[in-house]
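Here is the structure we will look at.
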2 protein chains.
Amino acid sequence: MSTAPNHDVFQAVADPTRRRLLKLLAQNDRALHELTDHFDMSRTAISKHLQILSEANLVSGRKSGRNKIYHLHPEPLKEVKDWLAYYEKFWENKINMLKHYVEKDDSDH
Amino acid sequence: MSTAPNHDVFQAVADPTRRRLLKLLAQNDRALHELTDHFDMSRTAISKHLQILSEANLVSGRKSGRNKIYHLHPEPLKEVKDWLAYYEKFWENKINMLKHYVEKDDSDH
DNA sequence: TAAACGTGACACCAAAAGGTTTCGTATTTA
DNA sequence: TAAATACGAAACCTTTTGGTGTCACGTTTA
């Protein structure tokens, strides 16, 4: 069974609150209540967001006493990066074409 | 006013149907009904997805006779790439550490 | 000109998303 | 031991999302 990935990484990352959570966890592991302090939102709401991130395997949580400490696992983001790579060439071509055009334009004046 | 970006690029890209649309448009411009042929979904649904992509400035549509031809604009994806760059170092570190570990493990046997 | 085609604009709908509050329970702390 | 803390789970609510079908209208085509 494992952690049924009900949510994929694209959807997990689509929400701004969840992106802020990832950024906080990139700095260091934090307990749920610490994370909650950074938002104008209930603990339950933050917990649900972490649940979604967890289903995308972007975070994990371990219990420590009465706290639950969350930890970042950025690896699944590689899927997004790989997906982007396909489109990168398109906008790079456009940038190159623009650069070429500007250079030509400069030399014409 | 311009095209009020009601949807950001992260959300636009979160839906698998919309990602498929982007991929089709990466190959060449296509009319709405051509795009629709690739999906098991109504034309109206596809049109709405294109609307969302359009609000994220990822596609544009021009009218040609009775057709509406859609075109890809991949530039906004750069925002996603920039966002990813921040996390890239994390998983690269992990990959390097793993590689190092494996190499050590190999030499130990 | 009549019929077929491609689209936009609506109205509508079910399910999912993103929140809330409440309550129970384990763990610390005073 | 009593109170405070941190959390999970459940019930609930509103808005958004992702889809449908229908109708009217301009554009082609026969």
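Below, all heavy atoms of this structure are taken into account, side chains as well, without hydrogens, waters or symmetry copies. Computed from a predicted structure; not experimentally measured. Here is the naming used below: chain letters follow the sequence lines, and residue numbers restart at 1 for every chain.
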**Request:** Could you list the residues that satisfy side chain to side chain contact (heavy atoms under 4.5 Å, CB included) with Glu79(B), not counting sequence neighbours?
**Result:** Val9(B), Phe10(B)
**Message:** I need a per-nucleotide contact map over nucleotides 18-30 of chain D, read 5' to 3'. Cutoff is protein heavy atoms under 4.0 Å; write B for the base, S for backbone only, - otherwise.
**Reply:** SBBB----BBBS-
**Asked** Given atom CG of Asn67(A) and atom C1' of dT28(C), what is their separation to the nearest angstrom?
**Response** 10 Å
**Prompt:** Are Arg19(A) and Asp8(B) within salt-bridge range, i.e. N to O under 4.0 Å?
**Reply:** yes
**Complete:** Applying side-chain hydrogen bond (donor to acceptor under 3.5 Å, both in side chains) to Thr44(B) and not counting sequence neighbours gives none
**Prompt:** For the pair made of CD1 in Ile69(A) and C1' in dC7(D), what is the distance, rounded to whole Å?
**Reply:** 12 Å
**Request:** Give me the bend of the helix from dT1(C)-dA30(D) to dA30(C)-dT1(D), using the axes of the five pairs at each end, rounded to 10°.
**Result:** 20°
**Message:** Can you pull out every ring-ring contact (aromatic ring centres under 6.0 Å, His included) where at least one residue sits in residues 11-36 of chain B? Sequence neighbours excluded, please.
**Reply:** none
**Request:** Would you kindly give the CD-to-P distance between Gln51(A) and dA16(C), to the nearest whole Å?
**Result:** 16 Å
**Message:** Does dA6(D) have its OP1 or OP2 closer than 4.0 Å to a side-chain nitrogen or oxygen of Lys68(A)?
**Reply:** no
**Nucleotide dT17(D), atom C1' - distance to CG of Leu50(B) in whole Å** = 16 Å
**Request:** Name all residues meeting the side-chain hydrogen bond (donor to acceptor under 3.5 Å, both in side chains) criterion together with Glu34(A); count only those two or more places apart in sequence or in a different chain, and write none if there are none.
**Result:** none
**Asked** In chain order, what residues pass the side-chain hydrogen bond (donor to acceptor under 3.5 Å, both in side chains) check against Ser42(A), with sequence neighbours excluded?
**Response** none
**Prompt:** Excluding sequence neighbours, so at least two apart, what forms side-chain hydrogen bond (donor to acceptor under 3.5 Å, both in side chains) with Lys48(A)?
**Reply:** none
**Request:** Check the distance between dT5(D)'s C1' and Leu35(A)'s CG and give it to me in whole angstrom.
**Result:** 16 Å
**Message:** Could you work out, with side chain to side chain contact (heavy atoms under 4.5 Å, CB included) as the rule, every residue matching Ser47(A), not counting sequence neighbours?
**Reply:** Leu32(A)
**Complete:** Sorted by chain and residue number, the salt bridge (Lys or Arg N to Asp or Glu O under 4.0 Å) partners of Asp40(B) (sequence neighbours excluded) come out as none
**Message:** Looking at every non-hydrogen atom in both residues, tell me the closest pair between Lys81(B) and Glu88(A) and how far apart they are.
**Reply:** NZ-OE2, 2.7 Å
**Request:** May I ask you to list the residues of residues 20-34 of chain A, by number, that have any heavy atom positioned under 4.0 Å from an atom of DNA chain C?
**Result:** none
Extract all donor-acceptor atom pairs below 3.5 Å that involve side chains of residues 21-31 of chain A and protein atoms in other chains or at least two apart in sequence.
unit_1, atom_1, unit_2, atom_2, d
Gln27(A), OE1, Arg30(A), NH2, 2.5
Asn28(A), OD1, Arg30(A), NE, 3.2
Asp29(A), OD1, His71(A), ND1, 2.7
Asp29(A), OD2, His71(A), ND1, 3.1
Arg30(A), NE, Leu24(A), O, 3.2
Arg30(A), NH2, Leu24(A), O, 3.4

